[in-house]
Protein chains: 2
Amino acid sequence: MNIGAAAQASGVSAKMIRHYEAIGLLPPPARRDNSYRDYGEPEVHELRFIGRARKLGFSMAEIGALLALWRDRGRPSREVRQLAVRHLADLEQRIAELRGMAATLAQLVECCHGDARPDCPILDELGGAPR
Amino acid sequence: MNIGAAAQASGVSAKMIRHYEAIGLLPPPARRDNSYRDYGEPEVHELRFIGRARKLGFSMAEIGALLALWRDRGRPSREVRQLAVRHLADLEQRIAELRGMAATLAQLVECCHGDARPDCPILDELGGAPR
DNA sequence: GTTGAGCTTCCCATGATGGGAAGATTTAGC
DNA sequence: GCTAAATCTTCCCATCATGGGAAGCTCAAC
């Protein structure tokens with residue numbers, strides 16, 4: 001299977017497949033005589049794994065660890081869970097940060113009449129005196 | 001005021017002040033005889049503005065627009081509000097995405113016993129058959 | 001007057017993704 | 001069988017905001 005077909009089958013772009021290989025996340029695949037990369041079902045399976053983990057927001061480093069655990073038939077599920085719990089906390093923190101921003105901004109937006117007049121609580125807040 | 005003092009006074013690092021200048025967000029400041037950048041209160045004021053806008057998650061491009069509106073005494077508040085509303089929608093979308101990830105992950109974490117045994121719903125989900 | 005702190009510019013790195021060029025090869029249409 | 005289009009290869013560059021660090025100049029303090 002060429003890289004294009006593997007991309008199609010896994011939902012990971014060819015560009016990204018090469019990239020994951022370049023950063024060592026994936027082992028170099030077999031090559032055909034024409035130097036084209038050659039993938040089989042197991043490789044596509046790993047690619048799909050990576051794609052799913054990305055969709056859950058895991059970083060490349062975390063995915064590397066997850067892949068290693070996945071390949072290790074005897075891994076303790078504790079390690080997987082710990083990794084996931086840490087990532088979950090990270091997600092929650094990012095959500096909290098964004099929510100803080102959104103809350104402040106929503107309040108400002110609500111106070112701004114938003115017409116042709118120049119006075120604007122949003123700019124006042126941004127340019128206001130140091131608190 | 002040297003760049004270090006301006007950084008101190010505004011809460012924006014010297015590194016970032018130079019960067020904002022380099023990308024054209026800020027006009028080149030006055031220079032002393034020793035070629036040191038020289039800042040006054042107005043410049044520090046703008047830097048604080050930028051810092052606050054960053055804390056609300058605005059992009060550099062958006063901050064450029066906000067700065068232009070701020071400098072324009074006759075701007076219609078409508079434009080400021082529109083910009084803020086758009087950014088707010090962007091924030092909400094990012095929050096929704098992260099929440100989706102967190103919800104899925106939380107569910108998986110809950111299902112994983114997380115002990116010495118190797119079976120793990122988290123890895124099962126990531127490596128499962130295409131849905 | 002030496003030393004340490006602060007300033008200058010310039011280059012490089014991050015993390016995940018993509019665009020695009022130049023060149024080789026395969027595939028499809030006729 | 002020939003030509004054109006698609007696909008592959010590698011390599012470089014861009015994003016976005018931030019920072020690290022080097023090499024060299026300048027300033028302040030003791």
Side-chain angles (χ1 to χ4, degrees), chain A residues 1-26 28-40 43-44 46-67 87 90-91 94 97-98 101, chain B residues 1-26 28-40 43-44 46-47 49-67 87 90-91 93-94 97-98 101:
Chain A
M1 190 174 356
N2 280 347
I3 196 171
Q8 198 79 24
S10 66
V12 176
S13 75
K15 209 82 174 169
M16 280 300 99
I17 296 177
R18 294 196 196 93
H19 178 63
Y20 294 154
E21 178 190 336
I23 63 176
L25 193 65
L26 295 174
R31 297 279 187 150
R32 291 184 182 268
D33 288 348
N34 53 17
S35 83
Y36 285 15
R37 288 171 178 80
D38 191 17
Y39 297 96
E43 284 81 13
V44 169
E46 292 216 334
L47 287 171
R48 217 158 15 208
F49 182 99
I50 294 174
R52 297 234 181 99
R54 285 296 304 140
K55 278 204 184 122
L56 288 182
F58 285 101
S59 71
M60 287 299 105
E62 289 168 329
I63 294 176
L66 284 172
L67 265 178
H87 177 53
D90 191 57
L91 286 175
R94 280 152 65 191
E97 280 169 16
L98 291 179
M101 294 180 189
Chain B
M1 190 173 357
N2 281 345
I3 197 171
Q8 199 78 25
S10 66
V12 176
S13 75
K15 208 83 175 170
M16 280 299 99
I17 296 176
R18 294 196 196 94
H19 178 63
Y20 294 154
E21 179 190 336
I23 64 174
L25 193 65
L26 295 173
R31 298 280 187 149
R32 291 184 182 269
D33 288 348
N34 54 18
S35 84
Y36 284 15
R37 289 172 179 79
D38 192 17
Y39 297 96
E43 284 81 11
V44 169
E46 293 215 333
L47 287 170
F49 182 99
I50 295 174
R52 296 234 181 98
R54 284 296 304 141
K55 277 203 186 122
L56 289 182
F58 285 101
S59 71
M60 288 299 105
E62 288 166 331
I63 293 175
L66 284 172
L67 265 178
H87 177 52
D90 191 55
L91 286 176
Q93 198 193 331
R94 279 152 65 192
E97 279 169 17
L98 291 179
M101 293 179 189

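Throughout, a chain's letter reflects where its sequence line sits, starting with A, and its residues are numbered from 1.
- No side-chain heavy atom of B:M16 sits less than 4.5 Å from a side-chain heavy atom of B:R54.
- For B:G57 against B:E62, the heavy-atom pair with the smallest separation is O-OE1, 4.4 Å.
- D:dT15 atom C1' lies 12 Å from atom NE2 of B:H19, rounded to whole Å.
- Each of B:I23 and B:K15 lies near DNA chain D, and the nucleotide nearest B:I23 is the one positioned closer to the 5' end.
- An angle of 10°, rounded to 10°, separates the two end axes of the helix from C:dG1-D:dC30 to C:dC30-D:dG1, each defined over five pairs.
- Closest of all the heavy-atom pairs between B:A7 and B:S13 is CB-C, 4.0 Å.
- Between the P atom of D:dT18 and the CZ atom of B:F58 lies a distance of 14 Å, rounded to the nearest Å.
- Straight-line distance from the CD atom of A:E62 to the C1' atom of C:dG15: 12 Å, rounded to whole Å.
- When distances are taken from the side chain of A:R37 to each of D:dT18, C:dC10, D:dT10, the shortest belongs to D:dT10.
- Residue A:R31 has its side chain nearest to D:dT9 when only C:dT8, C:dC7, D:dT9 are considered.
- Two residues are said to be in side-chain contact when any heavy atoms from C-beta on lie closer than 4.5 Å; B:R94 and A:R94 fail this criterion.
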Item to check | Protein-to-nucleotide contact annotation, 5' to 3' order, nucleotides 24-30 of chain D [B base; S sugar-phosphate only; - none; under 4.0 Å, heavy atom] | outcome: --BS---
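- Among all heavy-atom pairs drawn from B:K55 and A:M101, the shortest one is O-CG, 3.3 Å.
- Spacing between atom CZ of A:R32 and atom C1' of C:dT26 amounts to 12 Å, rounded to whole angstrom units.
- Residues of residues 4-13 of chain A that place a heavy atom closer than 4.0 Å to DNA chain D, in numerical order, are A:G4.
- Under the 3.5 Å distance criterion, the side-chain polar atoms of B:N2 are left unmatched by any main-chain donor or acceptor of B:G4.
- Atom CD in B:E21 sits roughly 13 Å away from atom C1' in C:dC7 (whole-Å rounding).
- A:H87 places its NE2 atom 14 Å from the C1' atom of C:dG15, with the value rounded to the nearest Å.
- Annotation: side chain of B:V12 is in contact with side chain of B:Y20 (closest heavy-atom distance under 4.5 Å).
- Ranking D:dT18, C:dT17, D:dG19 by closeness to the B:M60 side chain, first place goes to D:dT18.
- In this structure, B:M16 places its CE atom 11 Å from C1' of D:dG20, rounding to the nearest Å.
- The A:I3 side chain lies nearest to D:dT9 when the options are D:dG19, C:dA16, D:dT9.
- Between B:V44 and B:A9 the shortest heavy-atom distance is CG1-CB, 3.9 Å.
- Within the 3.5 Å criterion, the main-chain N or O of A:L56 finds a donor-acceptor partner in the side chain of A:H87.
- Remark: of the listed residues A:D90, A:L66, A:L91, A:I50, A:L66 is the sole one forming a side chain to side chain contact (heavy atoms under 4.5 Å, CB included) with A:F58.
- Shortest non-hydrogen contact noted between A:I17 and A:Y39 is CG2-OH, 3.3 Å.
- Listed candidates were D:dG20, C:dC7, D:dA17. Nearest to the side chain of B:N2 is C:dC7.
- Taking 4.0 angstrom as the limit, B:R18 places none of its side-chain polar atoms (N or O) nearer than this to OP1 or OP2 of D:dG19.
- Nearest to the side-chain atoms of B:Y20 among the listed nucleotides D:dT18, C:dA16, D:dT9 stands D:dT18.
- Rounded to a whole Å, the CG atom of A:D38 is 10 Å from the P atom of D:dT9.
- With a 4.5 Å cut-off on side-chain heavy atoms, A:M1 and A:E43 do not count as touching.
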